[in-house]
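Scroll down for the structure; my scribbles are underneath it.
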Amino acid sequence: RMGPAPPDEEKVREDCEGNGGDQARIGREKIQENYSRGMYQFVNLGLLGLTFSLSQSVMSGHLTIAPLIADRQGFKSLSTLPVAAVDLGALTAAGLIGWIMQVYGRRAGFIIGEIVGIIGSGVCMASLYFEKFTVMVIGGYILGFWCASSYYVRFVASELVDDNLKGRAVAWVMVGSSVCASIGPVMATQTEKMLSVDFMGFYFLASIFASFSIVLALGVRLGSQLYSPISQETDESDDIEGKRDSIGKNSYDDGALKNVVGKEEKSRPSLVQCSSSYNEEAKLEAPLLGSATSATSAENGSDLSRSLPREGADTPIGNSRNASLFDLLKRRPVQLAVFSASNAMFTMMLIMSATTLAMHRQFGYGLTTVSTVIQLHVSAMFIPCLFTGEILAGLGKVNTMTCGCGFLALSVLFGFLGNKLFHFYGCLITLGFGWNFLFIGGTRFLVSQFKSQKQSSRIEGINEMFVQGFGAAGALLSGVLVAVSWHAVLWCAVPLISLNTCFLVVYSVVRCRNGNQSQGDS
């Protein structure tokens, strides 16, 4: 027969299956990798949320009954001192816990805080047995170490996920507290007669909660970067960033650039490598250092440093060996984030600590009613986390923080309107909303300012010190002011809320005027 020979159908089928089979296999592996990564993050975020919930249930319960215990023992003007002691302990522990996490890993910081929480619960039990107010204050101070370590879960949650999900991750972790933490006030009042001494049963349960939190911390798996010392890794990262800066300034050739890129890829921690979307982001950033940038620079005669991101008011700070702590703190966005989170804690502790005494002592409400109001307040603090991530993505971090100041102002307004149960409900619920928007917005705004894990860890400790310090001041002032009147407490909250709102508005106006729409506040 004339013409080409008929093709071998079986051979053609094998060739097609060979080429298509490789693509299908790669696709299946990609899907499996994304699924495993998603489940990996979901489980660990759940464990982090439960850890935070257990600690906050104890703190909210302690805040409810500690002023009543002091009042019964005759220390009326110092009734909120055991509550303030928690924040003072957290203030003392904030920098220490941050250092422990940086040197020995995140897990070590959590476990140490939880062990100290067990000790603090035992000290509070001893204070009730011997009826020693001073020992109760010491027990509250020790509990503050557990409180300080638990608040680091929001930073861990933001490090676990990709940049576009950091705000939602913080919200998802903290929303778990709306269930467990809201039962803290009810648990504190309902366990009043659990043991032979009033309220001792609550602190016995608190020790059990702290013990279980240790088990959760041992079960969390977040990668070697988060649960191992980070100092060596960040030092390598600093070296790479320094070479990046020098290349940008001196315009080395393609070979030098590719050499740095190769070293940078090898130095990335395992947590980053396990995130495919982060790798996609790395691909977008690669032209800054890869051959594409070099080619563009060669064609246009431009220096590579023009392609590097400019560190403006909102630009996240990269790794720099020369960046001191003072250099980090003097940036306006960092100052605004720290002040906003601190003000949120101050206002919340000021009003919430005084609510128990004002309702029970001044206006004659029963403990059940008081615990219900506090329970709704704690729920309002964390339930908005279900949609805070979407609000952060839609409005931006600064606008969300401004909304938080608006809710705080509305809370004060409810308090001034009257002393009916409805007014207390409105005051404490809007206070919870305001704390949520301002605190989480400030946390996310602070995290967005840093790319270096070393810098982020350093500033986290300073932020926690300010937050807990302001919280301690609010709790301590509330006891003194509520002895004067309920309105004195509310007037004390007005200046900082007004000042915070002005700072946020001025910052937004300056940004819009300068046309600086950067990723730091997107």
Check your understanding: Would you say His377 and Met348 make side-chain contact, with heavy atoms under 4.5 Å?
Key -> yes

Review point. For Gly469, does its backbone N or O pair with a side-chain atom of Asp87 as donor and acceptor, under 3.5 Å?
Key: no

Review point. Any donor and acceptor pair, going by atom type alone, linking the side chain of Gln362 with main-chain N or O of Val482 inside 3.5 Å?
Key: yes

**Study point:** Pairwise distance CD(Gln190) to CD1(Ile183) - rounded to 0.5 angstrom
**Key:** 11.5 Å

Check your understanding: Between Gly140 and Cys124, what is the shortest heavy-atom contact and its length?
Key -> N-SG, 4.0 Å

Study note, to complete from the structure: Closest non-hydrogen atoms of Pro333 and Tyr507, given as atom of the first, atom of the second and distance, are CG-OH, 3.6 Å

Review point. Would a distance-only check, ignoring hydrogens and angles, find a side-chain to backbone donor-acceptor pair under 3.5 Å from Thr189 to Pro185?
Key: yes

Practice item. Please determine which of Phe414, Phe433, Phe439, Trp435 meets the ring pair (Phe, Tyr, Trp, His ring centres under 6.0 Å) test together with Phe407. Key: Phe433

Review point. How far does CG of Leu392 sit from CZ of Phe437, to the nearest 0.5 angstrom?
Key: 8.5 Å

Check your understanding: Within the side chain of Ser353, is there an N or O that forms a donor-acceptor pair under 3.5 Å with the backbone of Ala475?
Key -> no

Review point. Quick check: does any side chain N or O of Thr191 sit under 3.5 Å from a backbone N or O of Met194, one acting as donor and the other as acceptor?
Key: no

Practice item. Report yes if some heavy atom in the side chain of Cys492 is under 4.5 Å from a heavy atom in the side chain of Phe346; otherwise report no. Key: yes

Revision key, fill the gap. Taken to the nearest 0.5 Å, the spacing of Ile214 CD1 from Ile115 CD1 works out to 4.5 Å

**Study point:** Residue pair Leu216, Glu114: steps toward the side chain to side chain contact (heavy atoms under 4.5 Å, CB included) verdict
**Key:** CA-CA 11 Å; Leu216 294 177; Glu114 288 148 2; over 6 Å; no

Practice item. Enter the distance from Cys403:SG to Ile391:CD1 here, rounded to the nearest 0.5 Å. Key: 7.5 Å

Point to revise | Check: Tyr425 side chain, Lys420 main-chain N or O, donor-acceptor pair, under 3.5 Å | key: no

Check your understanding: Taking the side chain as C-beta and beyond, is there a heavy-atom pair between Leu431 and Thr355 under 4.5 Å?
Key -> no

Check your understanding: Considering all heavy atoms of both residues, which atom of Gly442 and which atom of Ala337 are nearest to each other, and what is their separation?
Key -> O-CB, 3.5 Å

Check your understanding: Where do Met200 and Met125 come nearest, in terms of heavy atoms and distance?
Key -> CE-O, 3.4 Å

Revision key, fill the gap. For Ile97 and Gly109 the tightest heavy-atom approach is CD1-O, 4.0 Å

Practice item. Check step by step if side chain to side chain contact (heavy atoms under 4.5 Å, CB included) holds for Leu143 and Ser121. Key: CA-CA 7 Å; Leu143 284 176; Ser121 301; 3.8 Å; yes

Review point. Are Phe363 and Phe424 an aromatic pair by the rule of ring centers under 6.0 Å?
Key: yes

Review point. Does the pair Thr92 and Tyr141 meet the rule for a side-chain hydrogen bond (donor to acceptor under 3.5 Å, both in side chains), with working shown?
Key: CA-CA 9 Å; Thr92 306; Tyr141 178 82; 3.0 Å; yes

Review point. Where do Met381 and Asn436 land on the side chain to side chain contact (heavy atoms under 4.5 Å, CB included) test, with the steps shown first?
Key: CA-CA 5 Å; Met381 288 174 62; Asn436 182 281; 5.6 Å; no

Point to revise | CE on Met349 to OG on Ser478, rounded to 0.5 Å | key: 7.0 Å

Exercise for review: Mind telling me whether Phe133 and Phe75 have parallel, tilted or perpendicular rings, with 30° and 60° as the class edges?
Suggested key: parallel

Check your understanding: For Phe416, does the CZ atom sit with more than 12 other heavy atoms under 6.0 Å from it, leaving out its own atoms?
Key -> yes

Using distance only, find each side-chain donor-acceptor pair of residues 203-210 under 3.5 Å and give its atom names and separation, not counting sequence neighbours.
unit_1	atom_1	unit_2	atom_2	d
Tyr203	OH	His62	ND1	2.8
Ser207	OG	Phe204	O	2.5

Practice item. Please test Ser340 against Asn500 for side-chain hydrogen bond (donor to acceptor under 3.5 Å, both in side chains), starting from the C-alpha separation and ending with a verdict. Key: CA-CA 7 Å; Ser340 298; Asn500 202 166; 3.2 Å; yes

Review point. Given side chains that start at C-beta, do those of Ser149 and Ile112 come closer than 4.5 Å, heavy atoms only?
Key: no

Point to revise | Atom of Val412, atom of Ile351 and distance for their closest heavy-atom approach | key: CG2-CD1, 4.3 Å

Exercise for review: Using atom types as modelled and distance alone, determine if a side-chain donor or acceptor of Thr347 lies under 3.5 Å from a backbone N or O of Ala344.
Suggested key: no

Review point. Are the aromatic ring centres of Phe52 and Tyr151 under 6.0 angstrom apart?
Key: yes

Review point. Which of parallel (below 30°), tilted (30 to 60°) and perpendicular (above 60°) describes Phe470 and Phe466?
Key: tilted

Practice item. Without swapping roles, check the side chain of Ser57 against the backbone of Gly184 for a donor-acceptor pair under 3.5 Å. Key: no

Review point. Within the distance-only criterion (no hydrogens, no angle test), does the side chain of Arg106 pair as donor or acceptor with the backbone N or O of Val156 below 3.5 angstrom?
Key: no

Check your understanding: Could you walk me through whether Thr356 and Leu68 pass the side chain to side chain contact (heavy atoms under 4.5 Å, CB included) check?
Key -> CA-CA 8 Å; Thr356 301; Leu68 300 177; 3.9 Å; yes

Point to revise | Min side-chain heavy-atom separation Phe202-Glu192 under 4.5 Å | key: no

Study note, to complete from the structure: Contacts satisfying salt bridge (Lys or Arg N to Asp or Glu O under 4.0 Å) that involve residues 386-395 (not counting sequence neighbours) are Arg168-Glu390

Review point. Hey, are the side chains of Phe339 and Leu496 touching, using non-hydrogen atoms and a 4.5 Å cut-off?
Key: yes

Review point. Can you tell me how far OG1 of Thr402 sits from CG of Leu395, rounded to the nearest 0.5 angstrom?
Key: 9.5 Å

Point to revise | Side-chain heavy-atom pair Leu476, Val83 within 4.5 angstrom cut-off | key: no

Point to revise | Check: Asp198 and Leu128 side chains under 4.5 Å, non-hydrogen atoms | key: no

